[in-house]
Number of protein chains: 2
Amino acid sequence: MAIQDLNQEVLNLVRKHYPQIAERTLQEDIAQVGKVMHFRAGEMIMDFGSYVKIVPLIIKGSIKVSREDEGGNELFLYYLQPGETCSMSFTCCMMNKKSEIRTVAEEDTTVIGIPTRYMDEWMSRYPSWKNFVMLSYDNRMLELIRTIDSIAFKKMDERLLDYLEKKAEANNSRTINATHQEIAYDLNASREAVSRLLKQLEKEGEVELGRNRIELL
Amino acid sequence: MAIQDLNQEVLNLVRKHYPQIAERTLQEDIAQVGKVMHFRAGEMIMDFGSYVKIVPLIIKGSIKVSREDEGGNELFLYYLQPGETCSMSFTCCMMNKKSEIRTVAEEDTTVIGIPTRYMDEWMSRYPSWKNFVMLSYDNRMLELIRTIDSIAFKKMDERLLDYLEKKAEANNSRTINATHQEIAYDLNASREAVSRLLKQLEKEGEVELGRNRIELL
DNA sequence: CACCCCCTGTGACCTTCATCACTGCCCCTT
DNA sequence: AAGGGGCAGTGATGAAGGTCACAGGGGGTG
């Protein structure tokens, strides 16, 4: 595929999925330096502790963002969807810091990867890029606060239901394919607790359970 | 006090406490529109659900930032110290949204209040303002993630110690003046649990307890 | 001084959830 | 068809921490 074709592809994707990126010259800059990248469902995009080299503009699919502490405890934070980007990338790259989070493709996912060195310049030059970045930060902060609410104030049954709803939304399907153990990791809970709570939800008619499968009703 | 004197006061404060705000014209802009504001220890600066009208540059003292959910559950998030600002303000104001947090003066506190309408323009015009804002966001995100770590992965005794350390730092004193009930609110715990854990810490020689007073050893 | 309010200490009990141990079953492989 | 590995269900037990009840003490106020 020739360079011009690739540029045109990126240009079209940006125009279609990021209408808020308004300046034509910015769109063209993105088409110049952005690369279309594909990740398979389950593929790790960036691990905790690694250095950030690109900022992803998500085009298709969804990305799961998790936190892991030194002891190996894991906790799901939020999903990134098409039209969104990873705020953690911005200053991670601006300051050349290690990532504090882990990102994994939830479905087969397509992103436009932008080398981090352009971020700063575009912030000053393009108002719509500045707004985009600021809005991203704000949305992520809000999402983190919602996560805190959930952990601090809610009990496991409610957290589990919230989690299932979000996962269903991220996968565009009321059927969730996951083992109880995987869910337990994401909620930082025990597998047995998740099993029991799911059973309870099934009795209440909220879900239907199968092997590797949860149906939201 | 004449206008010129006030401007000069703000100018001096900015230069002294915010060396990273480098552009002389930006310093002067801040001096033009910024107002020195004082808050007494314990005074509420902004409540949950109110609209944000100013962005505060903290000069002296410290500000406690908390979250409260619909049910009235409360949770301490972090302290803002001199040289810092409230990231939540930026887009709250840019989008005219209600505040998601509550801020209370921890000590007697002085800030420079900047009307929110200047934020956006300065972001584009002054690189050091843009960097300042981005760094603030990044620091706050990190602080929120640390808070999540704490709630999700740690037990109450460790959270309590962390809390006491932060409170001591915010007050520049190893002696903390607070009731067990107040601490319990901040940790979203019960007063009895806090009392028992403090007693335990006293037995271990970590603290010394008095009425309305905790001495960190 | 006497009173009273607020703060602290402590026991008893309960809920939530982690942990351990084991069973059974689905489904894949050989 | 037989075996086996991964997944789900379930009981027993215990730790952390919430809730309730109440006792005691310090310090300010009338």
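Please read all numbers here as calculations on a predicted model, not as lab measurements.
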> For A:D157 and C:dT16, what is the distance between atoms CG and P respectively, to the nearest whole Å?
Replying inline: 8 Å

> What are the residues of residues 70-78 of chain B, sorted by number, that bring a heavy atom to within less than 4.0 Å of DNA chain D?
Replying inline: none

> Which residue pairs pass the salt bridge (Lys or Arg N to Asp or Glu O under 4.0 Å) test when at least one of the two sits in residues 170-193 of chain A, sequence neighbours left out?
Replying inline: A:K64-A:D186, A:E165-A:R174

>> Using a strict heavy-atom distance below 4.0 Å, which residues from residues 179-187 of chain B are in contact with DNA chain C?
In response: B:T179, B:H180

>> Checking A:E70 now: which residues fulfil side chain to side chain donor-acceptor pair (under 3.5 Å) with it, not counting sequence neighbours?
In response: none

> With sequence neighbours excluded, what pairs up with A:K199 under the salt bridge (Lys or Arg N to Asp or Glu O under 4.0 Å) test?
Replying inline: A:E202

>> Using only atom types and a distance under 3.5 Å, with no angle test, would you say the side chain of A:N12 pairs donor to acceptor with the backbone of A:Q8?
In response: yes

> With sequence neighbours left out, what residues match A:E215 under salt bridge (Lys or Arg N to Asp or Glu O under 4.0 Å)?
Replying inline: A:R213

>> Holding to ring pair (Phe, Tyr, Trp, His ring centres under 6.0 Å), I want the full list of residues that pass it with B:Y185, two or more places apart in sequence or in another chain.
In response: none

>> If you take any heavy atom closer than 4.0 Å to DNA chain D, which residues from residues 189-213 of chain A end up in contact?
In response: A:R191, A:E192, A:R196, A:K199, A:R211, A:N212

> Considering residues at least two apart in sequence or located in another chain, which fulfil the salt bridge (Lys or Arg N to Asp or Glu O under 4.0 Å) criterion with A:E106?
Replying inline: A:K167

> Sequence neighbours excluded, which residues qualify as ring pair (Phe, Tyr, Trp, His ring centres under 6.0 Å) partners of A:Y78?
Replying inline: none

> Tell me: CD of A:E158 to P of C:dT15, nearest whole Å?
Replying inline: 19 Å

> For A:F76, what residues pass the ring pair (Phe, Tyr, Trp, His ring centres under 6.0 Å) criterion, not counting sequence neighbours?
Replying inline: A:Y79, A:Y163

>> Please enumerate all residues that pass ring pair (Phe, Tyr, Trp, His ring centres under 6.0 Å) together with B:F132, with sequence neighbours excluded.
In response: B:Y18, B:W129

> Given atom CG of B:L160 and atom C1' of D:dG17, what is their separation to the nearest angstrom?
Replying inline: 13 Å

